[in-house]
Amino acid sequence: MRRQRKCMIDKRITRNRLFSGMCDADIEGIIDCCNAWVEKYPRGAVMVAEDSAVDNIGLVIAGVAQASKTDPSGRQIIISQLGPGALYG
C-alpha cells in the first residue's frame with residue numbers, strides 16, 4: 001500500500017453524492033479540512049478488516065473493491081462490490 005499525503009481533487013470523486021453539485025473550491029476545502037490522503041492498494045489487499053473499529057471513511061476513486069464477511073465455516077462471502085464513487089469504512 002502506498003500512501004500519498006496530499007489528496008488532489010480528482011473529478012472521479014464527484015461521482016459520490018457527498019460531493020455532487022459542489023464546486024472544486026468547496027471540495028478542496030473539505031479535503032484540506034479532513035487531512036485526506038490517497039492510498040493505492042494492490043489487488044487482493046484488505047482495506048478494512050472485518051469487525052475492526054474504524055475512525056475514517058474511504059472513497060473508491062478507481063477500480064473495484066469488495067465488501068465481504070466470513071461465515072461460520074470460514075468461507076468469504078461477498079456482500080457487495082464497490083466501484084468508483086463508493087464510500088467504505
Side-chain angles (χ1 to χ4, degrees):
M1 162 180 54
R2 199 173 58 199
R3 182 177 282 191
Q4 184 179 344
R5 217 29 181 157
K6 176 67 176 160
C7 180
M8 298 188 306
I9 294 179
D10 186 311
K11 290 295 181 189
R12 294 175 289 186
I13 71 170
T14 60
R15 292 180 183 154
N16 182 277
R17 65 179 177 206
L18 181 66
F19 300 108
S20 112
M22 296 177 71
C23 69
D24 286 354
D26 289 342
I27 294 172
E28 188 168 322
I30 290 171
I31 289 170
D32 287 342
C33 178
C34 295
N35 295 317
W37 64 87
V38 174
E39 289 189 67
K40 295 183 179 185
Y41 294 91
R43 181 182 298 262
V46 175
M47 296 164 28
V48 178
E50 182 178 346
D51 295 329
S52 65
V54 293
D55 58 0
N56 53 33
I57 61 170
L59 175 67
V60 177
I61 294 176
V64 176
Q66 294 179 337
S68 64
K69 184 140 183 80
T70 306
D71 74 7
S73 67
R75 293 182 318 168
Q76 289 286 91
I77 300 183
I78 297 171
I79 297 170
S80 66
Q81 294 215 18
L82 310 170
L87 290 173
Y88 67 90

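For the numbers below, each heavy atom of this structure counts, side chains included, while hydrogens, waters and symmetry mates do not. No experiment lies behind these values; they were computed from the predicted model shown.
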| Does Ile78 share a hydrophobic cluster with Val64, counting links as ILVMFWY side-chain heavy atoms below 4.5 Å and allowing steps through other members? | no
| query | Side-chain heavy atoms under 4.5 angstrom apart, residues restricted to Ile, Leu, Val, Met, Phe, Trp, Tyr: same cluster for Trp37 and Val46? | reply | no
| task | Answer whether the closest heavy-atom distance between the side chains of Ile61 and Glu39 falls below 4.5 Å. | result | no
| field | Pairs involving residues 74-89, ordered by first then second residue, that meet salt bridge (charged side-chain N to carboxylate O under 4.0 Å, His left out) (sequence neighbours left out) | value | Asp71-Arg75
| query | What pairs of residues pass the salt bridge (charged side-chain N to carboxylate O under 4.0 Å, His left out) test when at least one of them lies in residues 53-62, not counting sequence neighbours? | reply | none
| query | Do any pairs count as a side chain to side chain donor-acceptor pair (under 3.5 Å) and have a residue in residues 76-89, sequence neighbours left out, and if so which ones? | reply | Ser68-Gln76, Thr70-Gln76
| remark: For Ala62, the side-chain contact (heavy atoms from CB on, under 4.5 Å) test, sequence neighbours excluded, returns Arg12
| said: Under the rule for side-chain contact (heavy atoms from CB on, under 4.5 Å), what residues qualify as partners of Leu87, not counting sequence neighbours? | reply: Asn16, Ile57, Leu59
| task | Using salt bridge (charged side-chain N to carboxylate O under 4.0 Å, His left out) as the criterion, list what pairs up with Arg17, not counting sequence neighbours. | result | none
| Considering all heavy atoms of both residues, which atom of Gly63 and which atom of Val60 are nearest to each other, and what is their separation? | O-CG1, 3.8 Å
